[in-house]
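Letters A, B, ... are given to chains in the order of the sequence lines, protein chains preceding strands, and every chain is numbered from 1. Here the structure is a predicted model, which means the values were calculated and not measured.
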Amino acid sequence: MTDLAGPVDEAARALLGALVVRDTASGRRVARIVETEAYGGPEDRASHARFGRTTRNAVMYGPAGRAYVYLVYGLHHCLNVVCGPEGEASAVLIRAVAPLDGVAQMRFRRGRSGGADWRLGAGPARACQALDIDRTLDGIHLLRDARLWLAQPAGHAALLADTEHVVTGPRIGVDYAGPDWATRPWRFGIAAHPSLSRPFPADP
DNA sequence: ATAGGGATTCTC
DNA sequence: AGAATCCCTATT
């Protein structure tokens with residue numbers, strides 16, 4: 001698996017193209033990570049760690065490779081991959097995934113508006129909805145747990161195809177963090193991918 | 001445009 | 001203690 005212990009922005013870039021596998025009683029779902037955002041420690045005014053260690057964000061301070069799952073706006077879940085060395089807070093938010101397998105189950109959980117399969121995981125909360133992720137998975141080992149784990153596409157040395165390249169932009173929804181942190185280009189995506197949550201500035 | 005919804009953190 | 005805030009989505 002990709003090295004997650006280094007700088008969080010590098011980890012966020014490196015996770016693009018990796019697979020998320022979710023096993024439940026109703027079967028297996030697989031999706032490919034196509035968009036991420038890096039979040040740092042207390043110095044990062046956009047991060048959940050900006051107020052230091054709390055009961056909610058404690059897992060961010062743990063070893064790399066754990067899941068940090070939280071509830072946002074009272075109704076949506078977001079999945080993060082904890083990064084960096086143990087004792088330092090950082091995590092990569094999974095902002096969008098492209099469904100690969102188990103799509104029928106993802107569709108079943110959707111609202112009645114329907115939509116193309118590509119959009120089922122387009123957005124941090126939709127990714128969790130598609131993969132049936134909630135806070136019961138907070139803190140699990142994403143390389144060992146039987147319910148949810150990260151994997152590489154079989155038979156691919158590189159996570160990205162030759163035709164794919166990475167675009168960057170400012171993180172979404174973090175204006176409160178002040179200009180320095182709000183504009184930092186810590187959002188990463190596979191350029192022009194149909195499952196992106198929304199366009200990148202450089203990728204119109 | 002805005003309702004929807006609840007935990008978390010801040011401010012007395 | 002009460003109030004404000006929040007890495008969003010679906011619907012109007």
Side-chain angles (χ1 to χ4, degrees), chain A residues 4 7-13 15-16 20 31 33-62 66-84 88-99 106-139 142 167-190 194-201:
Chain A
L4 302 175
V8 66
D9 54 322
E10 292 178 16
R13 180 185 292 264
L15 279 166
L16 292 175
V20 181
I33 298 172
V34 299
E35 183 182 335
T36 59
E37 278 176 359
Y39 286 91
E43 73 285 352
D44 180 358
R45 303 312 291 165
S47 171
H48 278 183
R50 66 188 177 280
F51 301 122
R53 188 181 194 131
T54 66
T55 48
R56 177 173 64 162
N57 68 20
V59 65
M60 288 182 73
Y61 288 81
R66 294 178 120 110
Y68 172 43
V69 183
Y70 62 84
L71 188 67
V72 69
Y73 295 117
L75 43 161
H76 301 297
H77 295 280
C78 291
L79 170 66
N80 298 255
V81 179
V82 174
C83 295
E88 289 180 25
S90 64
V92 171
L93 172 66
I94 305 304
R95 268 203 66 86
V97 298
M106 301 178 190
R107 179 174 289 293
F108 181 73
R109 290 193 104 259
R110 259 208 124 197
R112 54 166 191 244
S113 66
D117 287 352
W118 334 101
R119 305 304 296 167
L120 285 170
R126 288 164 133 190
C128 285
Q129 195 173 309
L131 292 167
D132 192 23
I133 291 168
D134 63 23
R135 284 182 302 164
T136 62
L137 299 171
D138 186 38
L142 282 173
V167 284
T168 64
R171 294 173 290 181
I172 302 299
V174 298
D175 290 345
Y176 61 85
D180 287 358
W181 290 98
T183 59
R184 182 169 294 222
W186 273 11
R187 177 181 176 222
F188 302 87
I190 298 176
S195 295
L196 292 178
S197 65
R198 50 210 267 186
F200 278 75

Distance, rounded to the nearest Å, where A:Leu196 contributes CG and C:dT9 contributes C1'
17 Å
With rounding to whole Å, what would you report as the distance between B:dT11 and C:dC7 at their P atoms?
16 Å
Just N and O in the side chain of A:Arg135: are any of them under 4.0 Å from OP1 or OP2 of B:dA7?
no
Round to a whole Å and report the spacing from CE of A:Met60 to P of B:dT8.
15 Å
Can you name the atoms? Protein N/O to nucleotides 2-5 of chain B N/O, anything below 3.5 Å, with the distance.
residue, atom, partner, partner atom, Å
B:dG5, N2, A:Tyr73, O, 3.0
B:dG5, N3, A:Tyr73, O, 3.0

Per the atom types in the model, does the base of C:dC6 pair as donor or acceptor with the side chain of A:Tyr176 at under 3.5 Å?
no
OG1/A:Thr136 to NE2/A:His77 distance, rounded to the nearest 0.5 angstrom?
8.0 Å
Grab the CG-P distance between A:Leu71 and C:dT5 for me, whole Å please.
19 Å
Can you find a side chain N or O atom of A:Thr55 that sits less than 4.0 Å from OP1 or OP2 on B:dT8?
no
Nucleotide B:dA7, atom P - distance to CG of A:Asp134 in whole Å:
13 Å
Name the nucleic acid region contacted by A:Arg171, choosing base, sugar-phosphate or nothing; use a 4.0 angstrom heavy-atom cut-off, strictly under.
nothing
If I take atom OH from residue A:Tyr68 and atom SG from residue A:Cys78, how far apart are they, to the nearest 0.5 angstrom?
9.5 Å
Polar side-chain atom of A:Glu35 near backbone of A:Ile94 as donor-acceptor pair, under 3.5 Å
no
Here's a test for you: under side-chain contact (heavy atoms from CB on, under 4.5 Å), which of A:Ile172, A:Leu79, A:Ile33, A:Val34 qualifies with A:Arg95?
A:Ile172
Atom pair distance, as rounded to whole Å: CZ in A:Arg119 and C1' in C:dT11
17 Å
Name the nucleic acid region contacted by A:Arg198, choosing base, sugar-phosphate or nothing; use a 4.0 angstrom heavy-atom cut-off, strictly under.
nothing
Tell me whether the guanidinium CZ or amine NZ of A:Arg45 lies under 6.0 angstrom from the six-membered ring centre of A:Tyr176 and within 45° of its axis.
no
Is A:Arg95 close enough to C:dC8 that one of its side-chain N or O atoms is under 4.0 Å from OP1 or OP2 there?
yes
Donor-acceptor pair, A:Arg50 side chain versus A:Ser47 backbone, under 3.5 Å?
yes
Both conditions, 6.0 Å and 45 degrees, for the charged tip of A:Arg13 above the ring of A:Phe188: are they met here?
no
For A:Asp175, which residues count as a side chain to side chain donor-acceptor pair (under 3.5 Å) partner, sequence neighbours excluded?
none
Could you give the OH-to-P distance, from A:Tyr70 to B:dA7, as a whole number of Å?
16 Å
Separation of C:dT5 atom P from A:Phe51 atom CZ, nearest Å, is 11 Å
Ring centroid separation A:Tyr70 to A:His48 under 6.0 Å
yes
Protein-nucleotide distance (A:Asn57, atom CG; C:dC7, atom P), rounded to Å
12 Å
Just the dot-bracket of DNA chain B, please: which string comes out with Watson-Crick or G-U pairs under 3.5 Å, [ ] for crossing, | for another strand?
||||.||||||.
Between A:Arg56 and A:Asp138, is there a salt bridge with N-O shorter than 4.0 Å?
no
With a 4.0 Å cut-off on heavy atoms, is A:Leu93 in touch with a base, just the backbone sugar-phosphate, or nothing at all?
base
